[in-house]
Amino acid sequence: MDQARWQQALALLPVCLALTFSLTAVGSSYWCEGTRRVAKPLCQDHPGGSHCIHYSSGSSDNGSQAVQYIWEMGDDKFIQRRFHAGLWQSCEESLSSAGEKCRSFQSVIPAEEQGVLWLSIGAEVLNILLTLTSTVLLGSRVSSRGSGFHWLKVDASVAILMVLAGLLAMVAHMMYTTIFQITVNLGPEDWKPQTWDYGWSYCLAWGSFALCMVVSVMATSRYTAAHLEFAEKKSVQKGSQHSQHDFQEPKASEGVWETEAAPSLAGSALVRVSEHLPSDAPGKVSMC
């Protein structure tokens, strides 16, 4: 593979990374993660469990009522359960089993924010489609052996598509961030987190945005350099044609001057000869 083909393959790498990051982020549920403060259940419901409230039973003097003594006080009565949320669902640890309990993220957010969530999802999908289109265009450039002005259009298209994909991704990420913060404040009590932060999916999403901007700048740079190169070659060709035309034109005019000047010279010579002849000299002088 020659050097030009290697450069084209390297230009395709960040586009593929941006597409991979976007697909992984949209499909995962680790955009935000943190902990929730949940009251411990009674150990009667979870016998032998370590995350439950221990109590002891006693009886009153008449034996008619049982008395329960709970030894946990203050924060000991609560447990921190980890949770994570994404575009599609929100999951948290389950005390009854080793797995997780998940529910739709759309069922958690306030009703007036449902449309904004769908706008965010739509922008993410458009971002993926535009990035995929750019990947196909650059891949066709690498696989094809042709070269020329046609590939300038590919670079221009990739630059436009990737900057649009980056802008859509930025808007989608900001909308999701706003929705999540509103849900933390106004969401249901059985979901509100005590502490939270952005997860690795959120970082991948913004990494995809950064790669989209980088690819757009690289494509614009390639287009500008190639366009200037083509313009310079075209100007050089026009200059060489003009120089050849200017070099041939004096020869043609010189030939015309010679053909027009020859009769006049011959005529002037004959006139001078006739002037030197005596007046009574016989004969006639004719000019052809």
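Quantities reported herein were computed from a predicted structural model and do not represent experimental measurements. Numbering of residues begins at 1 and proceeds along the displayed sequence.
- Ile182 and Phe180 sit in two unconnected hydrophobic clusters of ILVMFWY residues. Membership requires side-chain heavy atoms under 4.5 Å apart, directly or through other members.
- Remark: the Ser104 side chain and the Trp88 side chain contain no N/O donor-acceptor pair separated by less than 3.5 Å.
- Residues Leu23 and Ser208 have side chains not in contact (no heavy-atom distance under 4.5 Å, counting atoms from C-beta outward).
- Residues Cys32 and Asp197 form no side-chain contact, since every pair of their non-hydrogen atoms from C-beta on lies 4.5 Å or further apart.
- With rounding to the nearest 0.5 angstrom, the OG atom of Ser90 is 9.5 Å from the CD atom of Glu100.
- Judged as a ring-ring contact (aromatic ring centres under 6.0 Å, His included), and not counting sequence neighbours, the contacts of Trp200 are Tyr30.
- Leu117 is connected to Ile128 through a chain of hydrophobic side-chain contacts under 4.5 Å among Ile, Leu, Val, Met, Phe, Trp and Tyr, so both are in one cluster.
- Hydrophobic clustering of Ile, Leu, Val, Met, Phe, Trp and Tyr side chains at less than 4.5 Å, counting indirect connections, unites Leu119 with Ile109.
- Put simply, Val158 and Phe21 are part of two different groups of oily side chains (I, L, V, M, F, W, Y) that touch within less than 4.5 Å, one to the next.
- The backbone N or O of Gln194 lies less than 3.5 Å from no partner atom in the side chain of Arg37, so there is not a single donor-acceptor pair.
- Ser221 contributes no side-chain N or O that, together with a main-chain N or O of Val217, makes up a donor-acceptor pair within less than 3.5 Å.
- The shortest side-chain heavy-atom distance between Ser201 and Thr24 does not fall under the 4.5 Å cut-off.
- Shown are Leu13, Val15, Thr133; of these, the side-chain contact (heavy atoms from CB on, under 4.5 Å) with Leu138 is made only by Val15.
- In this structure, the side chain of Thr183 engages the main chain of Ile179 through a donor-acceptor pair within 3.5 Å.
- In this structure, Phe83 has its ring center no closer than 6.0 Å to that of Trp31.
- The shortest distance between side-chain heavy atoms of His173 and Glu124 falls below 4.5 Å.
- With hydrogens and angles ignored, the 3.5 Å screen pairs a side-chain donor or acceptor of Ser216 with a backbone N or O of Ala159.
- Side chain of Tyr176 to backbone of Ile121: no donor-acceptor contact under 3.5 angstrom is found.
- When side chains are defined from C-beta on, Met213 counts as touching Val163, because their heavy atoms get closer than 4.5 Å.
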- Checking side-chain contact (heavy atoms from CB on, under 4.5 Å) for the pair Thr135/Cys16: CA distance, chi angles, key distance, verdict? CA-CA 7 Å; Thr135 305; Cys16 294; 4.0 Å; yes
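- Contact of the Met162 side chain with the Thr131 side chain is registered, since non-hydrogen atoms from C-beta on lie closer than 4.5 Å.
- At a threshold of 4.5 Å between side-chain heavy atoms, the hydrophobic network of Ile, Leu, Val, Met, Phe, Trp and Tyr places Trp206 and Leu19 in one connected group.
- Heavy atoms only, all atoms of each residue included: Val215 and Pro14 are closest at CG2-CB, 3.7 Å.
- For Cys203, there are no side chain to side chain contact (heavy atoms under 4.5 Å, CB included) partners two or more places apart in sequence or in a different chain.
- Atom CG of Leu211 sits about 10.0 Å away from atom CG of Leu204, to the nearest 0.5 Å.
- Atom OG of Ser22 sits about 11.5 Å away from atom CZ of Phe209, to the nearest 0.5 Å.
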- Verify side-chain contact (heavy atoms from CB on, under 4.5 Å) between Val184 and Lys192, making sure each step is shown before the conclusion. CA-CA 6 Å; Val184 169; Lys192 285 185 178 181; 5.9 Å; no
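- Between Glu33 and Gly199, the shortest heavy-atom contact is OE2-CA, 3.6 Å.
- Between Arg36 and Glu92, at least one side-chain N (NZ, or NE/NH1/NH2) sits under 4.0 Å from a carboxylate O, which counts as a salt bridge.
- Looking at Ser134, its side chain does come within 3.5 Å of a backbone N or O of Leu130 through a donor-acceptor pair.
- Note that CZ of Arg82 is 7.0 Å distant from OG1 of Thr35, once rounded to the nearest 0.5 Å.
- Aromatic ring orientation, Tyr198 versus Tyr202: parallel (interplanar angle below 30°, classes split at 30° and 60°).
- Between Met218 and Tyr223, the closest side-chain pair of non-hydrogen atoms is not below 4.5 Å.
- Using a 4.5 Å cut-off on side-chain heavy atoms (C-beta onward), Val116 and Glu113 make contact.
- Summarising the geometry, atom CD belonging to Glu112 is positioned 9.0 Å from atom CD belonging to Gln114; distances are rounded to the nearest 0.5 Å.
- In this structure, the separation between CG on Leu132 and CG on Leu137 is 10.0 Å, given to the nearest 0.5 Å.
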